[in-house]
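Written out below as structure tokens is the structure these notes cover.
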Amino acid sequence: LACSASPSMPPAMVPAGLPTSASYLPGLLDVMEAGLDRTEPSANMVSRAAGESLFGGSYDWHSCIFAHWALLTQARRDGDGERAGRILDRLSDEALAAERARLAEAGLGGRLTYSYGQCWLLRLLSELERHRAVLPSTRAFREETERALLDFLDQAPFPELEGDRRLEGRGVVGYYSSWAFTWYQVMAAGPVTEGAGARLTRMREERLDPWREQLITSVDPRSFEFLWVPTLGYLVDSVEPFNPPLEPYVLDRREVLPAEVTMRTTHLLGVHASRLWPLALRAAEEPAAAAELDRALAELLGRRELWDGDFAVVSHWMPQFIWLNFYL
């Protein structure tokens with residue numbers, strides 16, 4: 001892993017002799033790409049329902065799509081034509097059309113893929129349009145996915161938990177059906193359907209703004225959560241800032257890593273990694289935040305078992321979650 005930082009990364013600011021987080025980036029990408037072709041073990045509900053899937057590797061559908069998006073995005077940022085070519089070869093217009101037909105014919109939609117999986121699909125379809133001519137069928141798939149997510153946002157509750165279902169008084173959760181994360185993903189992808197931008201702004205004003213404080217307040221995560229709740233507010237702010245402005249994000253250093261990483265506790269690794277995402281947003285502009293992020297990432301990446309360990313538990317998804325820090 002003693003390789004140079006990618007061209008897209010700024011120089012790391014850590015004491016001499018310590019590994020910089022950027023030195024681990026090629027390894028993260030390689031683990032991600034290797035997972036694309038690994039179809040066993042699998043919990044891919046689309047493959048099970050439809051018999052096959054374009055996104056049949058990486059253990060589950062959403063992790064496979066997330067990996068495709070991350071690899072293609074980083075290849076563009078690095079000018080890595082070879083990796084971009086390999087990923088684009090997988091995503092021909094014909095292959096995407098077949099996947100779109102599978103989802104429709106099997107009646108899957110949000111029932112098996114959640115808004116979370118559809119969000120990564122939207123990000124991938126958006127990124128594809130940066131790499132090649134916009135093909136009508138691929139654009140139609142993107143628009144269809146965007147409309148489905150907008151409908152989800154219109155219909156789903158926020159906060160997600162109400163009444164006696166609240167967790168010690170909080171209703172915002174970091175889970176597959178996260179309303180705030182879905183809103184962020186659709187806005188970050190760049191809305192393309194008619195009226196989508198105005199619709200998202202109206203939702204933001206009516207649904208998110210009144211709950212601003214819950215979106216940035218630290219919590220004790222439950223084992224089913226994989227998104228750090230305060231991250232949600234800062235992600236929303238990064239694409240459409242709150243007014244008045246949020247206070248600068250301060251990394252919460254409470255211990256969230258489980259004593260033992262198992263299938264039951266693995267989601268907490270996502271909380272640990274996503275807790276750094278708002279710091280990554282600060283790091284893009286602030287040298288001190290960049291140095292703090294680099295130290296925290298190097299510490300996490302130095303524990304290779306947490307991102308390149310058991311495939312079903314760790315390596316099918318944690319490289320993507322850690323990589324998002326570099327992206328942000």
Side-chain angles (χ1 to χ4, degrees), residues 5-15 18-25 28 66 69-70 73-74 76-78 119 123 172 174 178 180-190 204 208-209 211-221 225-257 268-303 306-307 318-328:
S6 86
S8 67
M9 301 306 302
M13 301 168 62
V14 294
L18 291 181
T20 67
S21 59
S23 71
Y24 290 95
L25 182 57
L28 277 179
F66 190 170
W69 174 67
T73 300
Q74 190 64 43
R76 171 175 55 81
R77 290 156 65 107
D78 287 345
C119 282
R123 298 302 298 267
V172 180
S178 167
F181 190 68
T182 302
W183 185 94
Y184 161 75
Q185 289 277 62
V186 178
M187 184 64 87
R204 157 69 188 269
L208 287 173
D209 286 4
W211 294 93
R212 160 188 164 131
E213 292 309 311
Q214 271 214 31
L215 282 167
I216 58 173
T217 300
S218 294
V219 302
D220 290 318
E225 295 180 280
F226 55 86
L227 293 168
W228 178 234
V229 167
T231 289
L232 301 175
Y234 284 92
L235 288 176
V236 167
D237 182 72
S238 72
V239 292
E240 193 171 281
F242 284 102
N243 186 21
L246 298 180
E247 291 295 318
Y249 177 76
V250 177
L251 181 61
D252 188 320
R253 296 187 178 278
R254 76 183 66 192
E255 184 57 69
V256 297
L257 285 175
L268 291 173
L269 298 183
V271 173
H272 184 73
S274 64
R275 181 172 54 180
L276 300 177
W277 296 351
L279 185 60
L281 291 168
R282 283 187 59 198
E285 304 291 339
E286 301 174 25
E292 183 179 15
L293 175 66
D294 190 67
R295 287 190 294 269
L297 277 178
E299 181 180 350
L300 173 56
L301 287 160
R303 296 187 60 184
L306 298 182
W307 56 274
M318 273 301 289
Q320 292 91 300
F321 260 59
I322 296 172
W323 169 84
L324 202 63
N325 283 285
F326 294 104
Y327 170 76
L328 293 172

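Worth knowing before you read on, the calculation uses all heavy atoms, side chains too, and leaves out hydrogens, waters and symmetry mates.
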Separation of Leu232 CG from Ser178 OG (nearest 0.5 Å): 4.5 Å

By salt bridge (charged side-chain N to carboxylate O under 4.0 Å, His left out) - contacts of Arg254 (at least two apart): Asp220, Asp252

Leu269 side chain near Phe226 side chain, heavy-atom distance below 4.5 Å: no

From CG (Leu235) to CG (Leu324), nearest 0.5 Å: 7.5 Å

Glu292 side, atom CD; Leu279 side, atom CG - distance, nearest 0.5 Å: 5.0 Å

Minimum heavy-atom distance between Gly302 and Tyr24, given as atom pair plus value: CA-OH, 3.6 Å

Straight-line distance of Met318 CE to His272 NE2, nearest 0.5 Å: 7.5 Å

Any residue meeting side-chain contact (heavy atoms from CB on, under 4.5 Å) with Arg212, in chain and number order, not counting sequence neighbours: Phe242, Pro244, Leu246

Distance-minimising heavy-atom pair for Asn325 and Ala280: O-CB, 3.4 Å

Rounded distance (nearest 0.5 Å) linking atom CD1 of Ile322 with atom OG of Ser21: 10.5 Å

Residues Thr20 and Asp294: side-chain donor-acceptor under 3.5 angstrom: no

Tyr249 vs Leu281 side-chain heavy atoms within contact, under 4.5 Å: no

Side chain to side chain donor-acceptor pair (under 3.5 Å) pairs, two or more places apart, involving residues 276-288: Arg282-Glu286

Non-hydrogen side-chain atoms of Leu293 and Leu276 separated by less than 4.5 Å: yes

Pairs touching residues 318-328 that satisfy salt bridge (Lys or Arg N to Asp or Glu O under 4.0 Å), sequence neighbours left out: none

Side chain proximity check, Leu208 to Glu240, heavy atoms < 4.5 angstrom: no

Val219 side chain near Trp228 side chain, heavy-atom distance below 4.5 Å: yes

Aromatic ring pairing Phe321/Phe66, orientation class (parallel under 30°, perpendicular over 60°, tilted between): tilted

Ser238 vs Tyr184 side-chain heavy atoms within contact, under 4.5 Å: yes

Nearest heavy atoms of Leu328 and Ala284, plus distance in Å: O-CB, 4.2 Å

Verdict with supporting geometry, Gln320 and Trp69, side-chain contact (heavy atoms from CB on, under 4.5 Å): CA-CA 9 Å; Gln320 292 91 300; Trp69 174 67; over 6 Å; no

side-chain contact (heavy atoms from CB on, under 4.5 Å) against Leu268, all qualifying residues, sequence neighbours excluded: Pro221, Pro258, Val271

Exercise: identify the closest heavy-atom pair between Trp307 and Pro319: O-CG, 3.4 Å

Value rounded to 0.5 Å, distance of CG in Leu300 from CG in Leu257: 7.5 Å

Considering all heavy atoms, the nearest Pro278-Tyr234 contact: CB-CB, 3.8 Å

Main-chain N/O of Gly270 paired to Ser274 side chain as donor or acceptor, under 3.5 Å: yes

Qualifying residues under side-chain contact (heavy atoms from CB on, under 4.5 Å), relative to Ala189, sequence neighbours excluded: Leu122, Arg123, Ser126

For Ala290 against Ala283, the heavy-atom pair lying closest together: CA-CB, 3.5 Å

Thr73 vs Trp323, side-chain contact (heavy atoms from CB on, under 4.5 Å): CA-CA, chis, key distance, verdict: CA-CA 11 Å; Thr73 300; Trp323 169 84; 4.2 Å; yes

4.5 Å side-chain heavy-atom contact, Leu215 and Asp237: no

Glu225 with Arg275: basic N within carboxylate O range, under 4.0 Å: no

